[in-house]
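Worksheet for the structure shown next.
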Protein chains: 2
Amino acid sequence: MARLHKQIVETMVTSSGLKMTPQRRAIVNYLQDATNHPTADEVLQAVNEAFPMTSRATVYNTLHWLTEAGLVREVYEGAMVRYDPNTDRHHHFVCRGCGKVEDIISTQSGDLLSLSVPNDYQVENLEITFRGLCPDCKT
Amino acid sequence: MARLHKQIVETMVTSSGLKMTPQRRAIVNYLQDATNHPTADEVLQAVNEAFPMTSRATVYNTLHWLTEAGLVREVYEGAMVRYDPNTDRHHHFVCRGCGKVEDIISTQSGDLLSLSVPNDYQVENLEITFRGLCPDCKT
DNA sequence: TTGATTGCAAACGGTTTGCATGGGA
DNA sequence: TCCCATGCAAACCGTTTGCAATCAA
């Protein structure tokens with residue numbers, strides 16, 4: 001289990017000589033419960049409701065830092081970056097109807113897959129993107 | 001086997017009431033032998049060497065049409081669209097050293113994987129992105 | 001001939017950057 | 001106090017769009 005958590009961030013931030021600001025707190029707060037793989041802009045919107053007047057630059061700064069620190073994962077979907085607070089090995093389903101991105105829990109499949117890659121390649125991780133229609137859009 | 005081929009494009013274009021222009025020919029020509037998953041801009045550069053004065057808009061137009069026609073596949077890599085003339089089920093390895101995108105031939109894996117997805121989701125296809133270091137960058 | 005296609009340049013949308021101001025530690 | 005972080009606005013970069021000129025069929 002590796003899900004973004006407020007306390008972890010607080011300690012990691014301060015222990016690396018950085019500062020914990022209200023803006024960062026608000027961003028982490030929102031992100032830790034987010035299940036919708038928000039874009040930077042969605043984070044900005046949401047945070048500005050909870051904590052008005054957070055700038056775009058700050059949101060990007062924080063997201064970059066969180067990514068760097070391995071507390072959040074970037075998901076590239078259709079030439080747009082989304083942020084996922086769940087850094088466990090898991091996969092994504094992208095609905096071509098509504099565009100929603102949902103988590104697919106990884107079964108044992110993972111390790112099995114490395115077999116397809118020539119062994120002079122050093123595979124560090126893999127992501128599977130399923131595409132199709134979600135239950136709501138299927139009808 | 002479903003690899004972009006000049007002749008196929010010619011017939012598909014004309015049979016759908018479109019026109020075959022020198023620019024389109026040049027783009028298809030370049031793409032059909034490309035193994036590097038070029039970006040739109042790389043296509044533009046390359047085509048302008050072979051056939052000077054092709055505009056950005058034309059490249060995008062053609063790439064969109066080719067994608068729509070299923071003759072080419074868009075690969076989303078790091079918030080940037082790349083184009084792949086190979087539309088067969090296959091996967092990609094992205095090197096974190098040099099950024100190169102290489103093809104990984106799909107083994108039997110495909111159908112097996114759908115199992116991880118709840119069956120009220122209608123999976124139409126899946127892509128696997130392996131990340132790590134290629135032989136050259138591994139040292 | 002004529003409608004699809006092109007080239008151009010401006011617009012667009014997400015992301016990045018520079019810099020002066022502000023605020024944690 | 002001292003830097004780190006913030007807000008702002010302009011810059012950036014890939015992509016899209018509008019439009020008049022052009023050219024394949």
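Reminder, nothing fancy here: chain letters follow the sequence lines and each chain counts from 1.
Rounded to whole angstrom, the span from the CE atom of B:Met53 across to the P atom of D:dT22 amounts to 14 Å. Across the protein-nucleic acid pair, B:Tyr76 atom OH and D:dG14 atom P stand 17 Å apart, rounded to whole Å. A straight line from CD of B:Glu77 to C1' of D:dG14 spans 16 Å, rounded to a whole angstrom. As rounded to whole Å, 15 Å separates atom P of D:dA5 from atom CG of A:Leu63. The nearest whole Å value for the distance from the CD atom in A:Gln45 to the P atom in C:dG13 is 14 Å. Summarising the geometry, the separation between CG on A:Leu44 and P on D:dC8 is reported as 11 Å, rounded to the nearest angstrom. Separating the CZ atom of B:Arg24 from the C1' atom of D:dA25 is a distance of 13 Å, rounded to the nearest angstrom.
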Exercise answer: donor-acceptor pairs, residues 58-69 of chain A side-chain atoms, under 3.5 Å, sequence neighbours excluded:
unit_1  : atom_1 : unit_2  : atom_2 : d
A:Thr58 : OG1    : A:Ser55 : OG     : 3.0
A:Thr62 : OG1    : A:Thr58 : O      : 2.9
A:Thr67 : OG1    : A:Leu63 : O      : 2.7

Can you give each donor-acceptor pair under 3.5 Å made by side-chain atoms of residues 26-33 of chain A, sequence neighbours left out, with the distance rounded to 0.1 Å?
unit_1  : atom_1 : unit_2 : atom_2 : d
A:Asn29 : OD1    : A:Lys6 : NZ     : 3.3
A:Gln32 : OE1    : A:Lys6 : N      : 3.2

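Taking the C1' atoms of five terminal pairs at each end of the helix from C:dT1-D:dA25 to C:dA25-D:dT1, the two resulting helix axes are inclined by 30°, rounded to 10°.
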Per-nucleotide protein contact string for nucleotides 15-25 of chain C (B base, S sugar-phosphate only, - none; heavy atom under 4.0 Å): BBB-----BBS

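OP1 or OP2 of D:dC23 has not a single side-chain nitrogen or oxygen of B:Gln23 nearer than 4.0 Å.
Applying the side chain to side chain donor-acceptor pair (under 3.5 Å) test to B:Arg96 and every residue at least two apart in sequence or in another chain returns A:Glu124. Residues forming a ring-ring contact (aromatic ring centres under 6.0 Å, His included) with A:His37 (at least two apart in sequence, or on another chain): A:His92.
Here the side chain of B:Glu49 pairs no donor or acceptor atom with the backbone of B:Ala46 at under 3.5 angstrom. Not one N or O on the side chain of B:Asp88 forms a donor-acceptor pair closer than 3.5 Å with the backbone of B:His90.
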For a side-chain contact (heavy atoms from CB on, under 4.5 Å) check, start with the C-alpha distance between B:Thr129 and B:Glu77, then their side-chain angles and the critical distance, and finish with the verdict. CA-CA 9 Å; B:Thr129 306; B:Glu77 192 32 57; 4.2 Å; yes

Worked check of side-chain contact (heavy atoms from CB on, under 4.5 Å) between A:Tyr76 and A:Val81: CA-CA 5 Å; A:Tyr76 305 123; A:Val81 186; 4.1 Å; yes

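If you check the side chains of B:Glu102 and A:Tyr121, you find a donor sitting under 3.5 Å from an acceptor.
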